[in-house]
2 protein chains.
Amino acid sequence: MQIVDEILKIKKVKNTAVRTVVLRHLLSQEKAQSLKDIENALVYTDRSSIFRTLKTFENNKIIHSIEDGSGMIKYAVCVKGCNCDPKDLHYHFYCNNCDKTFCLFDVPFQNIELPENFKIQQANMVVKGLCNNCNK
Amino acid sequence: MQIVDEILKIKKVKNTAVRTVVLRHLLSQEKAQSLKDIENALVYTDRSSIFRTLKTFENNKIIHSIEDGSGMIKYAVCVKGCNCDPKDLHYHFYCNNCDKTFCLFDVPFQNIELPENFKIQQANMVVKGLCNNCNK
DNA sequence: TAATCTTTGCAATCGAGTTGCACCATATGG
DNA sequence: CCATATGGTGCAACTCGATTGCAAAGATTA
Ligand SMILES: [Mn+2]
Ligand SMILES: [Mn+2]
Ligand SMILES: [Zn+2]
Ligand SMILES: [Zn+2]
């Protein structure tokens with residue numbers, strides 16, 4: 001995989017065996033992944049290694065985390081150019097039926113007019129309901 | 001407290017000792033409370049009783065829960081007339097400095113235009129940053 | 001090569017949330 | 001007024017995702 005090396009290079013994160021497989025896995029999935037999801041997929045890689053890899057990725061803006069209320073933090077790869085700034089904010093969708101969480105990159109994100117003196121730094125926006133597959 | 005009885009009556013939830021103190025506590029706080037917060041405040045009330053009380057309140061739309069990413073679910077009393085429907089949605093603010101979470105009832109909430117066939121049922125919207133007290 | 005720093009695997013621990021169960025309080029019906 | 005049913009409460013145990021200590025393995029540097 002070319003793209004994995006490219007992302008790590010851009011974000012100045014050293015490439016290692018675990019990092020490669022974790023990032024490759026994340027890129028291959030359409031839904032945001034929990035630590036458990038990744039652990040199940042990468043049977044030969046230790047949970048704590050995956051955990052620390054995810055922290056490293058998150059600290060270096062390679063991925064972002066989503067608290068969808070499922071009890072497990074989900075992770076998704078940032079789009080090219082993302083710096084996890086307020087301007088990079090987007091909604092997420094959690095399907096109550098199929099338990100899938102994903103980024104809604106195409107849904108326009110409205111600026112939020114906070115009260116005087118409030119400063120936004122990040123946000124966790126999760127819309128819950130039925131996805132297009134389950135709403136039938 | 002008159003208001004406590006009134007709320008329980010409106011929502012058709014039987015009044016008990018634990019329910020009274022929990023609801024009174026929630027009403028008295030400006031920030032959303034975690035189970036731990038309530039446990040600490042109500043030293044003589046058992047954690048599991050508070051927990052079940054919160055579930056009862058939530059099921060009966062007396063309170064709503066907020067997943068703010070702090071690792072603990074927060075609870076806040078619903079405003080009068082709230083049915084926890086999508087129309088009752090509002091933003092929440094989590095202060096990264098003072099660790100306080102609260103409802104932004106006054107910030108206008110924009111309708112979200114979801115992709116074709118997606119159906120919204122609930123949402124968890126948390127803006128994170130610095131509150132007016134901490135942004136100085 | 002030797003010293004140093006980083007990554008990894010394993011096992012243990014933490015802590016919020018949840019549950020089983022026995023006891024207690026209240027409500028109801030005779 | 002007591003007998004019984006229903007639901008609430010307290011205690012202790014447990015679940016499970018997240019996190020950490022530590023030593024071994026690997027990579028980097030002098
Ligand atoms: Mn996302
Ligand atoms: Mn709220
Ligand atoms: Zn679905
Ligand atoms: Zn603050």
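What you are looking at is a predicted structure, and each value in this text was computed from that prediction instead of being measured. Convention: sequence-line order gives letters A, B, ...; per-chain numbering from 1.
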Item to complete: Give the C-alpha distance, both sets of side-chain angles, the deciding distance and a yes or no for salt bridge (charged side-chain N to carboxylate O under 4.0 Å, His left out) between A/Glu67 and B/Lys128.
Response: CA-CA 13 Å; A/Glu67 294 134 12; B/Lys128 306 180 188 191; 3.1 Å; yes
Worksheet item: Are B/Thr56 and B/Asn59 close enough that a side-chain donor and a side-chain acceptor fall under 3.5 Å?
Response: no
Worksheet item: What nucleotide among C/dT19, C/dT7, D/dA18 has an atom nearest to a side-chain atom of A/Ile73?
Response: D/dA18
Fill in: Atom pair NE2/CD of B/His25 and B/Glu39 - distance to nearest 0.5 Å
11.5 Å
Kindly give the atom pairs (protein nitrogen or oxygen, nucleotide nitrogen or oxygen) under 3.5 Å for nucleotides 10-12 of chain D.
from: D/dG10; atom 1: OP2; to: B/Ser49; atom 2: OG; distance (Å): 2.9
from: D/dG10; atom 1: O6; to: B/Arg52; atom 2: NH2; distance (Å): 2.6
from: D/dC11; atom 1: N4; to: B/Ser48; atom 2: OG; distance (Å): 2.8

Worksheet item: Can you check whether A/Lys55 has a side-chain N or O nearer than 4.0 Å to OP1 or OP2 of D/dT19?
Response: yes
Fill in: Co-members of the apolar cluster containing B/Tyr94 [side chain, <4.5 Å]
B/Ile66, B/Val126
Fill in: Validation row, ring centre A/Phe57 to ring centre A/Tyr75 under 6.0 Å
no
Worksheet item: With respect to the side chain of B/Arg19, which nucleotide from C/dT6, D/dT9, C/dG17 is positioned closest?
Response: D/dT9
Discussion item. Which residues in residues 33-41 of chain B have a heavy atom closer than 4.0 Å to any atom of DNA chain C?
Written reply: B/Leu35, B/Lys36
Item to complete: To the nearest Å, give me how far apart CE (A/Met72) and C1' (D/dA18) are.
Response: 12 Å
Worksheet item: Taking B/Lys61 for the side chain and B/Cys82 for the main chain, is one N or O donor matched with an acceptor at less than 3.5 Å?
Response: no
Worksheet item: Please give, in whole Å, the distance from D/dG17 P to B/Glu67 CD?
Response: 16 Å
Worksheet entry | Integer-rounded Å distance: D/dG17 P and A/Leu54 CG | 15 Å
Worksheet item: Rounded to the Å, how far apart are A/Asn15 CG and D/dG26 C1'?
Response: 14 Å
Worksheet item: In Å and rounded to the nearest 0.5 Å, what is the NE2 to NE2 distance from B/His90 to B/His64?
Response: 3.0 Å
Response to the item:
Of A/Ala17 and B/Lys14, the one whose closest nucleotide on DNA chain C sits nearer the 5' end is A/Ala17
Fill in: Closest nucleotide among C/dT8, C/dT18, D/dT19 to the A/Phe51 side chain
D/dT19
Worksheet item: Tell me: CD1 of A/Ile66 to C1' of D/dG17, nearest whole Å?
Response: 17 Å
Worksheet item: Parallel, tilted or perpendicular for B/Phe109 and B/Tyr91, by the 30°/60° rule?
Response: tilted
Worksheet item: In Å, rounded to the nearest 0.5 Å, how long is the span from CG of A/Leu89 to CD of A/Gln122?
Response: 8.5 Å
